[in-house]
Peer 1: 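Below you'll find the structure I mean.
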Amino acid sequence: MTGLRSAGLRSAGRRPASSPWPLGRIIGGTVLFMALFSLAAAVTGVLALTHLDNERQQIETTIDPAALEAQQLYSALLNQETGVRGYALSAKPAFLAPYNEGYAAEQAVVVQLKKLMPELPAASATDLQQTLLQAHDWRTRYAQPTIKQIQASGKPVVSPDILAGKAEFDALRVKFALFESDISSTRGQALNSLDDASNELHVALLAIAIGLAVVVAGLALVLRATAIRPVHVLAAEARRVADGDFGHEVAQTGPREIRELGADVNTMRMRILQELSAVRAANEALAAHAAELQRSNAELEQFAYVASHDLQEPLRKVTSFCQLLQRRYGGQLDEKADQYIDFAVDGAKRMQVLINDLLAFSRAGRSAEELGPVACDEALAGATANLSTQIGQAGAVIEAGTLPVVRAQLTLLSVVFQNLIGNALKFKGEQPPRIVVTAVREGAFWLFSVTDNGIGIDPQYADRVFLIFQRLHDRAAYPGTGIGLAMCRKIIDYFGGRIWLDTGVGDGARFCFTVPALSDAALSDAALSNAALSNAALSNAALSNAALSNDRGTDG
């Protein structure tokens, strides 16, 4: 089987033949094609839009202003004819004002028309020139001689002369009509060109839209066939392997990158098979070790039972008889005998304390009770109640802020507070002990600190103090077995937190430890549970009061 796996690993590790169209080239070609199409579409649209804008500009900046100036020129010529005719009939100078105004307006209009003429057809310029020549002839042959004649005689002109002037002006009208017809024809052609340019723009935009749809659809089909479908196939194959079918060989199809990815998945699959075999062997060894550990734990339980029952009885007997020997024969033997008896009594007592501490240490964290909401003020109150005698003798002051509800066990948390406060009482300084307990929320944990003003601990022993049976002082000066802080660490580890000595404190000592905080839902459930317990207590009290009332009524 190992040979097959090795062969499979080698075959899976070999790279397949490279596809002539790798995924990068497919995507690059698609992007390039889209870029070229977009460029062509943009150029086509810009050309069509430029053509439309040029036609519009031709009308707005040249043809329409020329048509407007032509109307103003006709009005100026008409005012000249009207003024001369009125002056000829009445011989009053006031009637000559329209002629003068029309002539001045004609000069201004001619200046503007000559600026526009280069942009108009040549025929329009020729007709304008002939119109202006005809107007000059009319003024030279009729208007100016008539004005001079009237100014010299002061009398109106007779009708035949007026009719001759009208005939001259009608010829001028014919010339102007040709010029105006040229402007109108040019404007009509420009409007038709503008419509054609607009249609060209619409056709270009429609062609771009249709072309874009066709290109997108075509590229989508190409990408689906060459890239997306092979990815889906690879994903399905990988899911099959991920579901546990590690013996299934992943198909290698599609672009080069996807084939290489399939080869990598096969390599990973074969390595998983190897690792799985190793894990199974490790699990078997672990199961054997677990069975051995279970047997060892059973022996440890048996030892704890023996230590708590079988060893305690002879030890109590030794202690009792040593104490009887001390009371009955104390002072009757020599000094050496009394000293030996004291040693025996003291050793028996210390052995009993040591056995009890060892039992407590071995049982810490092995309770069947699950971790749950624990009010830290209750745990602290239980610890101070157990140490009330030592607190009173030392004159200690214990200060505690607002303590939270955490995820722990009430009994074990009380043991932690009791050991830390007991150490602060034991290793006190010259001043009465002052112990401060605080709690601060830090993420998913509550950080507790127990600070005292005692003799403190050298920072070099920050780790040693938590080891079992490790003492920093002589037993005669500070009694104890050296198990308390080790038990605190074991309990806090069981809670899922950690405990340490704060080496940054100058005077005294400060122990810090963390305990997991409760979620909001767990806190709500704990509050409801406490409320239910309080209501039950109130109900029991009410029933008791009712029973007492009934008893008093009966006695009375």
Side-chain angles (χ1 to χ4, degrees), residues 364-365 369-392 394-428 431-454 456 484-485 487-538:
E369 180 183 355
E370 295 183 357
L371 300 181
V374 173
C376 294
D377 51 358
E378 295 182 10
L380 180 61
T384 54
N386 294 337
L387 297 171
S388 58
T389 302
Q390 294 91 320
I391 293 173
V397 176
I398 299 178
E399 300 177 1
T402 303
L403 299 181
V405 177
V406 297
R407 183 174 177 271
Q409 286 184 9
L410 179 60
T411 303
L412 296 180
L413 189 57
S414 298
V415 171
V416 173
F417 281 122
Q418 183 173 333
N419 278 299
L420 295 178
I421 295 174
N423 277 349
L425 296 175
K426 182 190 300 184
F427 300 101
K428 64 182 180 178
Q431 299 294 328
R434 181 175 176 270
I435 305 169
V436 180
V437 181
T438 62
V440 179
R441 180 69 179 265
E442 287 190 352
F445 292 87
W446 280 96
L447 172 62
F448 292 85
S449 66
V450 179
T451 308
D452 62 61
N453 59 346
L485 291 178
M487 184 178 297
C488 289
R489 168 172 282 184
K490 186 175 182 180
I491 292 173
I492 295 301
D493 289 344
Y494 174 64
F495 290 163
R498 65 187 187 94
I499 185 171
W500 68 94
L501 173 67
D502 187 357
T503 57
V505 178
D507 297 329
R510 176 183 295 160
F511 286 93
C512 300
F513 63 92
T514 59
V515 180
L518 288 175
S519 62
D520 294 337
L523 284 174
S524 300
D525 294 341
L528 293 174
S529 178
N530 291 335
L533 292 175
S534 299
N535 292 333
L538 291 174

Peer 1: Nearest 0.5 Å please: distance from the CD1 atom of Ile435 over to the CD1 atom of Ile421.
Peer 2: 5.5 Å

Peer 1: Begin from the C-alpha positions of Leu425 and Ile391 and carry the test side chain to side chain contact (heavy atoms under 4.5 Å, CB included) through to its verdict.
Peer 2: CA-CA 7 Å; Leu425 296 175; Ile391 293 173; 3.7 Å; yes

Peer 1: Any side-chain heavy atom of Val374 within less than 4.5 Å of one from Leu412?
Peer 2: no

Peer 1: Side chain to side chain contact (heavy atoms under 4.5 Å, CB included) for Val436 and Asp452? Distances and angles first, verdict last.
Peer 2: CA-CA 7 Å; Val436 180; Asp452 62 61; over 6 Å; no

Peer 1: Checking Asp507 now: which residues fulfil salt bridge (Lys or Arg N to Asp or Glu O under 4.0 Å) with it, not counting sequence neighbours?
Peer 2: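 Partners of Asp507 under the salt bridge (Lys or Arg N to Asp or Glu O under 4.0 Å) test: none.
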
Peer 1: Rounded to the nearest 0.5 Å, what separates atom CZ in Phe511 from atom CZ in Arg489?
Peer 2: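 Spacing of CZ (Phe511) from CZ (Arg489) equals 10.5 Å.
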
Peer 1: Apply salt bridge (Lys or Arg N to Asp or Glu O under 4.0 Å) to Glu399 and list each qualifying residue two or more places apart in sequence or on a separate chain.
Peer 2: Arg434

Peer 1: So, do Cys376 and Val406 sit near enough that their side-chain heavy atoms are less than 4.5 Å apart?
Peer 2: yes

Peer 1: Nearest 0.5 Å, what's the CD-CG distance between Glu442 and Leu447?
Peer 2: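 If I round to the nearest 0.5 Å, the distance is 4.5 Å.
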
Peer 1: Considering non-hydrogen atoms only, spot the tightest contact between Pro433 and Ala394 and give its length.
Peer 2: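 Between these two residues, the closest heavy atoms are CD-O, 3.4 Å.
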
Peer 1: Given Val440 and Trp446, is the side chain to side chain contact (heavy atoms under 4.5 Å, CB included) satisfied, shown in steps?
Peer 2: CA-CA 6 Å; Val440 179; Trp446 280 96; 5.6 Å; no

Peer 1: Rounded at 0.5 Å granularity, tell me how far OG1 in Thr503 sits from CG in Leu501.
Peer 2: 6.5 Å

Peer 1: Can you find a heavy atom in the side chain of Leu485 that is under 4.5 Å from one in the side chain of Leu420?
Peer 2: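 They are in contact (side-chain heavy atoms under 4.5 Å apart), so the answer is yes.
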
Peer 1: Listed by chain and number, what are the side-chain contact (heavy atoms from CB on, under 4.5 Å) partners of Gln431, not counting sequence neighbours?
Peer 2: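 For Gln431, the residues satisfying side-chain contact (heavy atoms from CB on, under 4.5 Å) (neighbours in sequence not counted) are Asn453.
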
Peer 1: Please give me the minimum heavy-atom distance between Gly395 and Pro432, naming the atom from each residue.
Peer 2: O-CB, 3.7 Å

Peer 1: Between Val437 and Phe417, does the side chain to side chain contact (heavy atoms under 4.5 Å, CB included) criterion hold? Intermediate values first, please.
Peer 2: CA-CA 9 Å; Val437 181; Phe417 281 122; 3.9 Å; yes

Peer 1: Does the plane of the ring in Phe448 sit parallel, tilted or perpendicular to the ring in Phe513? Use 30° and 60° as the thresholds.
Peer 2: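 Phe448 and Phe513: parallel rings.
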
Peer 1: How would you list all residue pairs meeting side-chain hydrogen bond (donor to acceptor under 3.5 Å, both in side chains) that involve residues 379-388, not counting sequence neighbours?
Peer 2: Asn386-Gln418

Peer 1: Of all the heavy-atom pairs spanning Ala439 and Leu403, show the shortest one and how long it is.
Peer 2: CB-CD2, 4.0 Å

Peer 1: Considering all heavy atoms of both residues, which atom of Arg441 and which atom of Phe445 are nearest to each other, and what is their separation?
Peer 2: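 In terms of heavy atoms, the two residues are closest at CD-O, 3.4 Å.
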
Peer 1: Could I get the full list of side-chain contact (heavy atoms from CB on, under 4.5 Å) partners for Ser449, not counting sequence neighbours?
Peer 2: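 Per chain and number, Ser449 pairs via side-chain contact (heavy atoms from CB on, under 4.5 Å) with Thr438, Thr451, Arg510, Cys512.
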
Peer 1: Output the distance between atom CG (Asn419) and atom CD1 (Ile491), rounded to the nearest 0.5 Å.
Peer 2: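 Reported to 0.5 Å precision, the distance equals 7.0 Å.
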
Peer 1: Would you check if Phe495 and Leu413 make a side-chain contact, meaning some heavy-atom pair closer than 4.5 Å?
Peer 2: yes

Peer 1: Which residues pass the side chain to side chain donor-acceptor pair (under 3.5 Å) test with Ser414, not counting sequence neighbours?
Peer 2: none

